[in-house]
Amino acid sequence: MNTQYYMVIIKGEIKTSEIMSCGYNRNTQKWDVKFNNGKTYSYAYLNVEKLTDPEVLNPNMYRISREGREFFDVNAIYVFRSGRESYWHICFGDGSERDYRRSDLHIIESCLAQSQSSNVFEYIKQIAGLSNLKNEETGEKLLSKKFDKISFVGSDVALAKYLNPSSLQGKRTEREYIPIFPFGCNNSQYKAVKNAMENQISVIQGPPGTGKTQTILNIIANILMQGKTVQIVSNNNSATENVYEKLSSPKYNLGFIAATLGSSKNKKLFVEHQDAAYPDFSSWKTGEDPSVLQKKIAEQSSQLKSVFAKQEKLACLRQELSQLVTEQEYFNQYVKESDVHTDSIKFKKKLSSKQWMVLWQECQLISEEKTAIGFWFKIKALFKYGVTDWSIYKQDISKIITTFQAMYYRAKQAELSAEIADIEKYSNSVNKNLLEDLCKQSMVVLKDKLARKYEGNSSRKTFSEDNLWKEPYNVLAEYPVILSTTFSSRNSLNSDVVYDYLIMDEASQVDIATGALALSCARNVVIVGDTKQLPNVVTDDIKAKAKAIFDRFNVSEGYQYTNSFLQSILDVMPNVTQTLLREHYRCHPKIINFCNQKFYRGELIIMTTDKGEEDVLSVVKTVAGNHERNHYSQRQIDVIKNEIIPKYVSNPEETGIIAPYKNQVEALSKEITDIDAATVHKFQGKEKENIIISTVDDEISDFADDPYLINVAVSRAKKKLMLVVTGNVQSKEHNITDLIDYIQYNNFEVTESKIYSIFDYLYKQYTEERRVYLQKHKKVSEYDSENLMYSLIEDIISANKYSSLEVVCHFPLNMLIKNPELLNEQECQYAMNPATHLDFLIYNRIGKKPVLAIEVDGYEYHKEDTIQASRDLLKNHIMELYEIPLLRFKTNGSGEREKIVEMLDKLV
């Protein structure tokens with residue numbers, strides 16, 4: 001019988017190889033089966049299945065094993081299907097043939113059998129050819145060579161999901177995973193580790209100073225607890241060396257489980273210096289049942305969640321109070337200049353900030369209706385709010401509103417201070433050793449697990465370089481943690497090895513081809529990086545070549561070579577499980593809050609404390625002039641050497657100088673020998689107590705102003721940040737000018753200006769309260785168009801490129817214009833009227849400067865020749881005089897989004 005066309009199952013057993021023929025006898029209504037020994041037997045109809053028309057599979061697209069033994073040299077595969085089961089007929093290179101039930105085999109199909117995956121893989125292979133890494137002797141392109149060797153990508157490995165994101169499932173299991181934390185923990189890290197263990201692919205965004213390495217160490221610990229293997233890779237050796245150093249430290253003594261491999265050089269070093277002995281496990285084994293200890297850890301984790309929540313709340317409240325106090329100082333200046341005397345007003349009751357907000361809201365509406373404050377309002381204010389001093393109402397309504405705003409600030413400050421005190425009291429009363437106990441118990445459980453794994457071995461096996469690729473799984477049994485560069489990930493051991501996990505650190509610096517290569521050798525992957533820090537560098541020449549390749553393939557925009565691998569993962573897998581490490585522990589709050597507001601939308605929780613230190617932030621401007629020559633500024637070097645270092649630097653070892661250009665760095669290093677000077681790229685991953693930034697340029701260039709560079713440079717400073725910039729007036733706004741504005745704002749360096757800083761804390765609260773207030777009042781229908789506009793603006797500025805922008809509604813002109821001398825009498829009267837406001841004001845939250853005003857004009861109310869139309873012309877001219885861009889939209893118009901985006905792109 002031709003086994004490639006027929007499969008015979010008798011009473012559930014595969015008999016094809018034993019049979020000469022099999023036919024159905026219609027007379028007897030039985031199967032007549034003739035066996036190879038010449039005997040013929042008849043079987044009842046239901047006892048025989050004769051299967052035909054097999055599906056012929058490409059053997060290169062499958063990896064097949066049975067009972068842990070992989071099949072090699074497979075020449076052909078034929079799959080026969082019945083109603084209940086499928087059967088595989090496999091032909092081998094030596095001429096032998098065997099039949100198997102599908103359920104008895106472990107089969108992995110290559111995702112490259114699917115057209116989409118194959119198409120994306122072919123695209124990445126061609127992109128890999130753009131890599132400049134070459135064999136110095138032959139000139140052969142190394143990354144391309146690695147891809148040429150890949151003919152099979154198992155559907156179970158992480159790369160398969162990257163090539164076809166629709167195949168990515170949700171959580172692997174519905175059962176909740178309870179992690180251990182031997183290396184310390186906070187709320188975000190808890191979520192990150194849990195997500196890593198519950199999902200095949202997860203992303204960890206690790207902004208500066210948020211404990212990225214600690215998180216990686218905890219993930220490694222949990223992988224080891226599962227008895228699984230992991231390869232940790234990064235774009236360079238420094239990140240993986242950091243992991244190895246932490247594991248090897250005397251505190252943990254866990255370096256024996258890790259092998260630094262990857263390149264030929266690292267393999268040679270490993271073989272020469274590998275551990276010949278285990279640590280002393282005698283003290284590692286616990287007398288307790290490990291499951292009991294893990295139950296304790298689960299209970300401690302549950303208790304810690306409430307502690308973490310309180311810690312986060314406390315940090316947020318401290319930051320909010322700091323922001324309020326700074327803004328209040330500017331508001332007090334505004335009060336003084338407005339000739340408002342808030343201290344003389346008497347109130348019978350102590351009102352909450354919310355009550356002051358309501359009083360303000362009601363007065364604001366009265367001013368907008370252009371009516372006087374009535375008797376009933378005064379009576380209500382007396383009995384409900386305890387306003388006993390009616391002399392307050394003799395003032396202009398704008399001064400009444402300012403008084404209520406001042407009282408709001410005071411009440412809010414008192415409330416925040418009281419809430420902070422309550423949480424501090426709670427924190428002092430809870431078990432302070434809870435987190436320490438969790439870490440200790442976690443380390444005990446981990447070391448117990450490792451001791452039980454290794455203690456049966458009489459001596460530690462040592463490996464030769466040949467063993468690394470000939471016996472990879474024996475190596476992994478001894479060293480379940482492998483360290484490598486991303487490029488060398490498939491070279492660490494045999495290229496066919498599939499690790500249980502891969503952790504890719506600094507993924508924002510990895511290109512998509514190298515990242516995809518690393519994903520090909522692991523079932524599960526954790527991508528770690530920060531889209532706001534330095535990405536991989538792509539030259540203009542390579543960009544053009546990459547674009548040409550991209551245009552030849554029908555693939556998602558997320559696979560563009562200009563993307564970092566981290567960004568690519570986020571783009572092609574928008575629903576990938578993602579955790580932001582929010583708690584920041586490195587920098588003084590005033591330093592990191594620039595990065596927080598500018599790049600992270602205020603999402604970081606700053607755990608460091610502002611103790612009122614002086615000179616945390618400083619900016620020194622050189623005299624105006626042309627000082628820069630070929631990316632080198634002697635004038636800035638002189639300022640650093642003669643002004644900044646003598647005044648601000650007491651510890652040269654804990655000071656660093658960062659410049660965007662190599663020429664400036666080289667000149668700095670020659671003149672200032674006792675302080676480390678480097679480019680931003682060299683400083684990524686480092687930190688110093690004091691950082692001096694030399695911007696070099698006379699006219700700030702796009703290169704020096706790169707947001708990634710600035711984010712990294714600023715966040716290297718732990719205690720002091722000193723910025724050296726040109727004294728030249730700049731032709732446009734920059735990220736660097738945002739930093740200057742931020743420093744000046746926080747140092748209360750008030751510069752002469754025609755407009756006030758935006759009171760954003762005050763008016764963000766007001767905007768939210770106004771929306772709620774208007775919903776409860778009849779007037780809400782009049783503001784439907786404004787509600788829609790507010791939602792549209794919020795949606796627009798949620799884009800990353802507008803991360804430093806914020807919006808408030810109904811911002812009064814009299815709180816924006818500081819110096820009305822540019823206005824004529826009519827304009828001044830209109831601008832200073834408390835009812836005159838901007839419907840929406842988009843502003844820069846870093847320097848508190850207005851960026852764009854937006855007005856929504858009702859068609860009837862703002863028609864030509866109406867009173868409102870004449871007021872609109874007044875407002876237009878006032879905004880023009882004070883150089884604040886203004887957009888107007890009619891309620892019956894269209895294209896609002898496009899017009900706002902176009903204007904913002906010009907301004908930002």
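Numbering of residues begins at 1 and proceeds along the displayed sequence. This structure is a prediction, so every number in the text was calculated from the model and none was measured.
Y41 and F35 have their aromatic ring centers within a separation under 6.0 angstrom. A ring-centre distance under 6.0 Å is not found for Y559 and F553. The six-membered or imidazole ring of F183 lies near that of Y252, with a centre-to-centre distance under 6.0 Å. Within the 6.0 Å centre-distance limit, the rings of W88 and Y62 are counted as a close aromatic pair.
Residues Y473 and T229 are not in side-chain contact: their nearest non-hydrogen atoms beyond the backbone lie 4.5 Å or more apart.
Ring geometry, H89 versus Y78: the interplanar angle falls from 30° to 60°, so the pair is classed tilted. Classification of the F147-F121 ring pair by plane angle, with boundaries at 30° and 60°, yields tilted. By the 30° and 60° cut-offs, the orientation of the rings of F281 relative to Y278 is tilted.
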As a quick check of understanding, evaluate ring pair (Phe, Tyr, Trp, His ring centres under 6.0 Å) for F181 and Y190, giving each step before the final call. CA-CA 8 Å; F181 291 93; Y190 187 97; 5.2 Å; yes

Can D511 and T514 be said to form a side chain to side chain donor-acceptor pair (under 3.5 Å), step by step? CA-CA 6 Å; D511 66 82; T514 309; 2.8 Å; yes

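What you find for L438 and S301 is that their closest heavy atoms are CD1-OG, 3.9 Å. G262 approaches S492 most closely through the heavy-atom pair N-OG, 3.3 Å. Minimum heavy-atom separation, V497 to L476: CG1-CD1, 3.9 Å.
Looking only at distances, no side-chain donor or acceptor of S202 sits under 3.5 Å from a matching main-chain atom of N199. Judged by distance alone, with hydrogens and angles left aside, the side-chain atoms of Q578 form no donor-acceptor pair with the main-chain N or O of Q205 at under 3.5 Å. For the pair N25 (side chain) and D32 (backbone), a donor-acceptor distance under 3.5 Å is absent.
For F463, the CZ atom is densely surrounded, since the number of other residues' heavy atoms within 6.0 Å is greater than 12. Environment of NZ in K34: sparse, with no more than 12 heavy atoms of neighbouring residues, nucleotides or ligands closer than 6.0 Å.
Under the side chain to side chain contact (heavy atoms under 4.5 Å, CB included) test applied with Y162, the options L168, I124, V157, V153 reduce to a single match, I124.
The CG atom of L446 lies 12.0 Å from the SG atom of C439; values are rounded to the nearest 0.5 Å.
Residues K267 and N491 have side chains that never bring a donor and an acceptor to within less than 3.5 angstrom of each other. At a cut-off of 3.5 Å, with distance as the only test, no side-chain donor of Q300 or Q303 sits close to an acceptor on the other residue. Neither side chain, T577 nor N195, offers a donor N or O lying under 3.5 Å from an acceptor on the other. A donor-acceptor pair shorter than 3.5 Å cannot be found between the side chains of D466 and S464.
Under the 6.0 Å distance and 45° angle rule, R63 counts as a cation-pi partner of F152.
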